[in-house]
**Student:** 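Got a structure for you, questions after.
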Amino acid sequence: MAKTSILASEAAHFGSMAGDWWDPKGASAMLHKLNPVRLGFVREQLDRHFGLDECDFSPLSGKSAMDVGCGAGLLAEPLARLGAEVTGVDAAEPLIEAARVHAAGQGLAIDYVAGEVADVDKQFDLVTAMEVIEHVADPRDFLATLVSKLADGGLLILSTPNKTPLSRLLTITLAEGTGRIPKGTHDYDMFIPPEELTAMLEGLGMEVIETKGIAFSPSKGLHLSEDLKLNYLMSARKA
């Protein structure tokens, strides 16, 4: 298996969740809660980077997007609704099958690919990889592959847990310990601090545009924040 691919054990773990991926109360419930926060950041970055009209309902018309580690399409489908020509890539075949079925039911034409992102022979205006880099065999090689798929003038957006005591407590001890996230989803040793991810991107000729945290509070729930201790999103472009 290529270094840039998701580990076989990880693909099997997430593939086992395919049956209720679209159930907001199922095994992927936390992803459903995270998705609106991610989408807010993605739309903000797209509007700013490409100079889009924030009131346009199809601002990505004429642009291409690839969502890596797409699961069953939680981010790929909104990108398609924004007008993009979308490719979704995931190492877990059951998730890709679920994604195709769901997209067809929504009348969305999304090109879903089961396998290696390195094998996708195209470049894209937008490349996203949400909660993926902490599940791969070699993060730097994975990033290098993502960068190679980015068209000139394109935008890369990532999200991942920070490597802090708080992220371990909330993500693994509490969320996995109480069954809110399937046990074994995360390995704390694979978590990456934002300064380390920034350094890897800069070493690949990328310029980080913005880093925002995903924080939690009883009053706001999950929301974008300057607090990076739990989870964060990062956007970058070719320097």
**Student:** Side-chain donor-acceptor pair under 3.5 Å between Glu131 and Asn231, yes or no?
**Tutor:** yes
**Student:** Give a yes or no answer on whether the side chain of Asp90 reaches the backbone of Leu95 with a donor-acceptor pair at less than 3.5 Å.
**Tutor:** no
**Student:** Would you say the side-chain atoms of Asp67 and Thr128 include a donor-acceptor pair closer than 3.5 Å?
**Tutor:** yes
**Student:** If you compare all heavy atoms of Ile96 against all heavy atoms of Gly88, which two are closest, and at what distance to 0.1 Å?
**Tutor:** CD1-O, 4.2 Å
**Student:** Please name the pair of heavy atoms, one in Lys229 and one in Thr164, separated by the smallest distance, quoted to 0.1 Å.
**Tutor:** O-OG1, 2.5 Å
**Student:** Roughly how far, to the nearest 0.5 Å, is the CG atom of Leu158 from the CG atom of Leu143?
**Tutor:** 6.0 Å
**Student:** Would you check, one step at a time, whether the test side-chain contact (heavy atoms from CB on, under 4.5 Å) holds for Leu155 with Gln45?
**Tutor:** CA-CA 8 Å; Leu155 183 66; Gln45 296 303 304; 4.0 Å; yes
**Student:** Would you check if Met130 and Asn35 make a side-chain contact, meaning some heavy-atom pair closer than 4.5 Å?
**Tutor:** no
**Student:** Is a donor on one side and an acceptor on the other found under 3.5 Å between the side chain of Ser58 and the backbone of Ser61?
**Tutor:** no
**Student:** Show your working on side-chain contact (heavy atoms from CB on, under 4.5 Å) between Glu134 and Asp187 and close with a plain yes or no.
**Tutor:** CA-CA 8 Å; Glu134 71 273 19; Asp187 178 350; over 6 Å; no
**Student:** Could you tell me the separation between the CG atom of Leu197 and the OG1 atom of Thr211, rounded to the nearest 0.5 Å?
**Tutor:** 8.0 Å
**Student:** So, Lys149 side chain and Val120 main chain: donor-acceptor pair closer than 3.5 Å or not?
**Tutor:** yes
**Student:** For the backbone of Glu44 and the side chain of His49, can you confirm whether one donor and one acceptor N or O come within less than 3.5 Å of each other?
**Tutor:** no
**Student:** Side chains of Pro194 and Asn162: does their closest heavy-atom pair fall under 4.5 Å?
**Tutor:** yes
**Student:** Which label fits Trp22 and His102: parallel for a plane angle under 30°, tilted from 30 to 60°, or perpendicular past 60°?
**Tutor:** parallel
**Student:** Looking at Glu85 and Lys122, is there a salt bridge between them, counting it only when a charged N and a carboxylate O are closer than 4.0 Å?
**Tutor:** yes
**Student:** Below 4.5 Å, heavy atoms only, C-beta onward: do Leu46 and Leu60 meet side chain to side chain?
**Tutor:** yes
**Student:** Can any side-chain N or O of His32 pair as donor or acceptor with the backbone N or O of Trp21 at less than 3.5 Å?
**Tutor:** yes
**Student:** Would you check if the side chain of Asp125 reaches a backbone N or O of Lys63 as a donor-acceptor pair within less than 3.5 Å?
**Tutor:** no
**Student:** Quick check: is Val101 connected to Leu74 through a chain of hydrophobic side chains (ILVMFWY, heavy atoms under 4.5 Å apart)?
**Tutor:** no
**Student:** I want to check something: taking the side chain as every heavy atom from C-beta on, are Val89 and Met66 in contact at a cut-off of under 4.5 Å?
**Tutor:** yes
**Student:** Please find the pair of heavy atoms, one from Val132 and one from Val68, that lie closest to each other, and give the distance.
**Tutor:** CG2-O, 3.3 Å
**Student:** Verify the distance criterion only: is there a donor paired with an acceptor across the side chains of Glu77 and Gln106 at less than 3.5 Å?
**Tutor:** no
**Student:** Hey, does the side chain of Gln123 reach the backbone of Ser148 with a donor-acceptor pair shorter than 3.5 angstrom?
**Tutor:** yes
**Student:** Should Ser159 and Tyr232 be marked as a side-chain contact (heavy atoms from CB on, under 4.5 Å) after you check the CA-CA gap, both sets of side-chain angles, and the distance that decides it?
**Tutor:** CA-CA 6 Å; Ser159 74; Tyr232 62 96; over 6 Å; no
**Student:** Can any side-chain N or O of Lys238 pair as donor or acceptor with the backbone N or O of Leu150 at less than 3.5 Å?
**Tutor:** yes
**Student:** What's the separation between atom CD in Glu54 and atom CG in Leu52, rounded to the nearest 0.5 Å?
**Tutor:** 10.5 Å
**Student:** Would you tell me whether Ser235 and Glu210 have side-chain atoms, one donor and one acceptor, within less than 3.5 Å of each other?
**Tutor:** no
